[in-house]
Number of protein chains: 2
Amino acid sequence: MSLKNKINPTESELEILQLLWEFGPSSVRFVNDKQNENKEVGYTTTLKIMQIMADKGILIVNKEQRQHVYSSVIDESETKGNLLDGFLKKTFSGSAKKLVMQALGNHNPSKEELEEIKKLISEIENKSK
Amino acid sequence: MSLKNKINPTESELEILQLLWEFGPSSVRFVNDKQNENKEVGYTTTLKIMQIMADKGILIVNKEQRQHVYSSVIDESETKGNLLDGFLKKTFSGSAKKLVMQALGNHNPSKEELEEIKKLISEIENKSK
DNA sequence: TTCTAACTACGAAATTATTCGTAAATAAAT
DNA sequence: ATTTATTTACGAATAATTTCGTAGTTAGAA
């Protein structure tokens, strides 16, 4: 994909994407059940949004069975990268540093998390040598 | 402020807040001019949103002069922290680590940024000793 | 076969956020 | 003093997203 097709899922679209990324291709029923573990969401609401996503080309549908099976077409980390980018611009004037520092400062990361991050930093440093 | 008043500015509210945080108490005209350096925004649009924000208690207005002067009531880093929190939940299942790693991985931070982040990490590590 | 339950299709209502037009008030300029 | 420009007030139009009701269809159970 050469020219970026900047996909910006809405909030409820993202919610559904997260489930499809985690559990793979799923029926509306399955997705709706998962959503209802957290908060009440009407079945037809989930259906409608998944249909809209399919229209937009974010999902593809397999209609061979009566229970249609939906799968995500878009890549998880690419999409999250885009979302992060937008959030970064809007909230931290595009500075990853500011965001990272706010994230680290606010969230009391565990020793293990810090270790992983330090590891990642040295990897990045080594790559650019 | 004891019980969190979870303030969630919308996108255009945040845009205005950023300006008020940077430049301090300002008139609608000033804010609107700043906005128009980037993109066209109607004057009454800016006015309306700032009035709404004042209604919500996000801004306070000084009406002594004809040009009302608006100031932010909410704290910059607290608000950004809240926004980050929400974004984190929605997009990275609340894991600051995932987000930080995505941010660092995606944004080719400069050597200086990495240094600052490492410094911050050691500060956090020392604090918890 | 007939009844019932589950599913899709569809459109409209509700919600939230944003934009804009117009009127009224005030100050500044001529 | 009259005109002109700037500002606030207000409500309505627009837009985007989400929710929901209802009808029609299909599959499975009785």
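In the text below, chain A, chain B and the rest are named by the order of the sequence lines, each starting its count at 1.
- Residue A/Ile52 has its side chain nearest to D/dT18 when only D/dT18, C/dT8, C/dT18 are considered.
- In this structure, the side chains of B/Asn62 and B/Pro25 stay at 4.5 Å or more apart for every pair of heavy atoms.
- Shown here for B/Tyr43 and B/Asn32, the closest heavy-atom pair between the two residues is CA-ND2, 3.7 Å.
- Separating the CG atom of B/Asn62 from the C1' atom of D/dT8 is a distance of 15 Å, rounded to the nearest angstrom.
- Taking only side-chain nitrogens and oxygens, A/Thr10 comes nearer than 4.0 Å to OP1 or OP2 of D/dT18.
- Side-chain atoms of B/His68 lie closest to D/dA9 of the nucleotides D/dT7, D/dA9, C/dC7.
- When all heavy atoms of B/Ser72 and B/Leu17 are compared, the pair lying nearest together is OG-CD2, 3.7 Å.
- OP1 or OP2 of D/dT7 sits under 4.0 Å from a side-chain N or O of B/Arg29.
- In this structure, the CD atom of A/Gln35 is 12 Å from the C1' atom of D/dT19, given to the nearest Å.
- Using cut-offs of 30° and 60° for the angle between ring planes, the A/Phe30 and A/Phe23 rings count as perpendicular.
- Of the two residues near DNA chain D, A/Arg66 and B/Tyr70, the one whose nearest nucleotide lies more 5' is B/Tyr70.
- Sorted by residue number, the members of residues 36-51 of chain A with any non-hydrogen atom under 4.0 Å from DNA chain C read A/Tyr43, A/Thr44, A/Leu47, A/Lys48, A/Gln51.
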